[in-house]
Amino acid sequence: MKGTHLGEFEELVLLTIASLVNDAYSVAICDELGKHAKRSVKLGVVHAVLNRLEEKGLVKSELGEATATRGGKRKRFYFLTGAGKASLIRAKQLRDELWQKIPNLILKPR
Amino acid sequence: MKKKKIPQPPSWATKFLQWYCRPELLEDLQGDLNEFFERNVNTKGAFIARLIYIIDVFKFLRPYTVRKPSLHKPLIRKVMLANYIKTSGRVIMRSKLFSGINIVGLAISMSVGLLVIAFVSDLYSYDSELKNKDRIFRIATLDEHAGQPNMELASTSWKAGILIKQKVPGIEAMTILRREFRGDAKIGEATVPVTGLYANEDFFDVFSFPLLKGVATTALKEPHSLVLTETTAKKLFGSQDVMGKIVKFDTINYVVTGLMKDLPKLSHINFEMLVSLSSIDITKPEADGEYLSWTNIYSNYVYMLLSKNTDPRSVTAALGKMSNEENTSPKNRKILLSLQSIKRIAIGTPKANEIGPVMDSIAVIIMAALAFVIILSACFNYTNLSIARSLRRSREVGIRKVIGARRSQVIGQFIAESVIISLCALFFAFCIFLLLRVQFLSFDPEIEKIFSLDPSPKLILYFVLLAIVVGTIAGFLPALFYSKINAVQVLKDASSMKVFRHISLRKALIVIQYTLSLIFITATIIGYNQYKSFLRFDLGFTTQNVLNINMQGNKDDVFVKELSAIPAVKDISKSLIVSSVGSIYGGMMKYKDPMDSAMVDLNYIDDHYLPMHNYKFLAGRNFTPKPKDAPETEVVVNYEMIRRFNIGHNNPEKAIGEMVSIDNKKMMIIGVLKDFHYGTIENKIDPVAFKYSPEPYGYINVKVVSTNMPAVLTSIETIWKKIDKVHALDAKFYDDQIVKAYGQFSVMLKVIGFFAFLAICISSLGMFGMVIYTMEKRLKEISIRKVLGAGEGALVYLLSKGFLILLFIAALIALPLTWLFFDKLVLVKFAYHQPIQFGEVFIGLLIVAAIAFLMIGIQTLKIVRANPANVLKNE
């Protein structure tokens, strides 16, 4: 069913939105992801994902104030919705459970 | 201080983004792109930044960003459309003069457009009722005869039909037709003349004409079978059942084996009845040689229906191979067969021996092009006048824009207005079309046979489409012009607008219109003079008061005897054909050199013919009467004949007594005539030979001198009735026949003259409108000039000078062009023609200039005579 599954990149974008708190708009998300993930993130991709996340109801957005930069265009800020937070937590729980099942010695460097 | 230029992203890319992007996503996307752009400008430079911007714009073109193609706010659209119509109506009513000029101009020009559409639509609906139209082909023939120009024929040889059936694969059905079945049908006591086509039994397999009675596959199988059309059946038998009835032609009985529905009017084949091809006895000799000879290509037609998956090219290849095999026997002659789609028959290049009417596609294209030019010219007028009125209307547009009209809505409004005007014009154009249609059909009886021009629903749909297209074209430039108006500037100070920025464009348009008018009218005048000179042309013999009576196969002795009893009849002669009206009868002639043979024109005449028509003898004498069965031994030739064969070293006196052979018969030259015109004036004078026959069975030429021609004609008709009860008298005056021979030129002249009339109307209307609006604009200026003491004459001169210069420029372009066109292209086609007179080129200019003077003069005088106080008071 659409809306339950969270892709890898979608999860990263969601996390970034959460981490940027009140400053999460497309270009900032793009920069932040680029900084942390050490890979070049294309604006078009981020936009597409944001659009999809909004469709799934995991984030909501509103337009900010007009500024002198960006040719006078307003920024669109994104926030996590309840469903968004829940799906992040669920994803983390799933990982934690799986982590705990791994015996210690397997990950030890030889 | 110098402002540092900040690099901007390419505007077209931004526009493209704005165009495709959904409005709710647009602002954010644009902002992001701008932000990246600024960043890239700083790090990578302006050029790279722009490039990335463009690439990004295209990368954003994704399904979720693209605007859905929906009817954008349908309610608003509906409301706006109603508003467009309402305001357009008001504008039309408010400026009645402007609308009137436009509606009249468009209506006149569109009526021609309608005519051309009807015309072309008729041509394209030829044979449309046939099934499998795509697969029906006709065999066309190319005759390459050494020493003669190649001839393209619609007909082919009977043998070709038989060979194709045996050798060419991929043919579903094939039929052979033969033309010219003529005769007087005898049914009991009654005699009715009918004509028909011979056809073999496969006719109905190729052509899907429905049979009402009879069996399609066998109706034309047996010799002496007839298939009648409904009309013919009614003509012969009234309302009786026709099947199995006997019809007698000469001495042979024919049986009616089928009854078919009347052929559609728009069919390239037309006949009263079909006669089975097997009725012809092919063992008998025929006029052009043997029936089944490969070179007898003049009377037969082969039509075939290709199988569904046959490629016409493979058939063409097979035909080529077949032709090559057959062409080995006649040495200096090649006959090549090719396929011609039935769709290319009614409209295409006319060939010799066409079975039905053919319209030259070039003529159609020219007609359409002329109509297009005329319509475009009327559209120019609309554009011209609309922009000239901008002073008044720009304020209205300004207010619309302030209220919130988008550019597209302003465009919509102006296009709607022009389309409405164009639809109004369509109404009048349709009325004119109905009148023109009658006129056009009565131009020439041939035209009435070829075209119906019925206003069918399909045609009317085309008409409406034309009106909409015309409206859109006419309104396009004004719409663009007004939509660009800057609302603030217009409302602040309308006069500051550069209204007359387009003045040179508008002047150019007027020059083009006048050039066209001048070309048309000059062409008409030159053409008319040439046509008149054709009719007055000295043919080398007299035709005045000569009545040519077609004997239609009747014996002439009794008729001639009775005719000579009429006092008005001064002289009577006999001839096989009537020359100088386009008909030709030819034969092969040789002189001493057996290898040098040439086609010469022939005519059989009696001893009265030459003196009665005042032929001038250079040497020798006329024929003397001889009995009917005396052998042909004498011939009278023209001077060209002597020159061609170098008889007697071009000396007429020495040529007398020389022997020549015509169609392998030895003859002696007894007379040499001064050159005269046997053909029409388009052709050079060819060698002509007259042979003697006391009864040529063609025409009786009667010299009639009387003050009461109708009475003479009636008495001739009474005599005719005595010898032929079946056929009507076919008598025409020679002069009328000559007029008819050049009838196509008269039709052409009428058409061009009509176009000239239209072009002048439209350019005059255009000029009229321009003059009025220019005067209005300069009203104040003129009043001030007047107050300061300018005279009326000087003012009229001042005002009209500009327009007259335009006319002058148009004349400079048009007149030399027309002259060259006629001198170098048209008149060279006529072997004998008058040179173009210097005067006739200028008559057209005089007429056009007079009309223009009148219009400009009246308008300027009106303005100049106005009381300046009244004008200046109303500031």
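Numbered from 1 within each chain, the chains take letters A, B, ... in sequence-line order. For clarity, every value in this text was computed on a predicted model and none was experimentally measured. Hydrogens, waters and symmetry mates play no part in the numbers below; they use all other heavy atoms, side chains included.
- For a residue to count as touching a neighbouring chain, one of its non-hydrogen atoms must lie under 4.5 Å from one of that chain's; by this rule B:Glu38 touches chain A with the side chain only.
- A distance of 7.0 Å separates NZ of A:Lys73 from CG of B:Asn34, quoted to the nearest 0.5 Å.
- Contacts of B:Asp28 with chain A are made by both backbone and side-chain atoms, with heavy-atom separations under 4.5 Å.
- Under the 4.5 Å side-chain criterion, counting only non-hydrogen atoms from C-beta, B:Arg39 is in contact with A:Val27.
- Contacts between B:Phe37 and chain A at a heavy-atom distance below 4.5 Å are absent for every atom of the residue.
- In this structure, B:Glu35 CD and A:Asp31 CG are separated by 7.5 Å, a value rounded to the nearest 0.5 Å.
- Around atom CZ of B:Phe47, no more than 12 heavy atoms belonging to other residues, nucleotides or ligands sit under 6.0 Å away.
- Atom-to-atom distance recorded for A:His47:NE2 and B:Arg62:CZ is 10.0 Å, nearest 0.5 angstrom.
- Residue-environment remark: CZ (B:Phe476) stays at or below the threshold of 12 foreign heavy atoms within 6.0 Å.
- Heavy-atom minimum distance, B:Phe60 versus A:Gly44: CE2-CA, 3.7 Å.
- Atom CZ of A:Arg95 sits in a sparse spot, with 12 or fewer heavy atoms from other residues, nucleotides or ligands closer than 6.0 Å.
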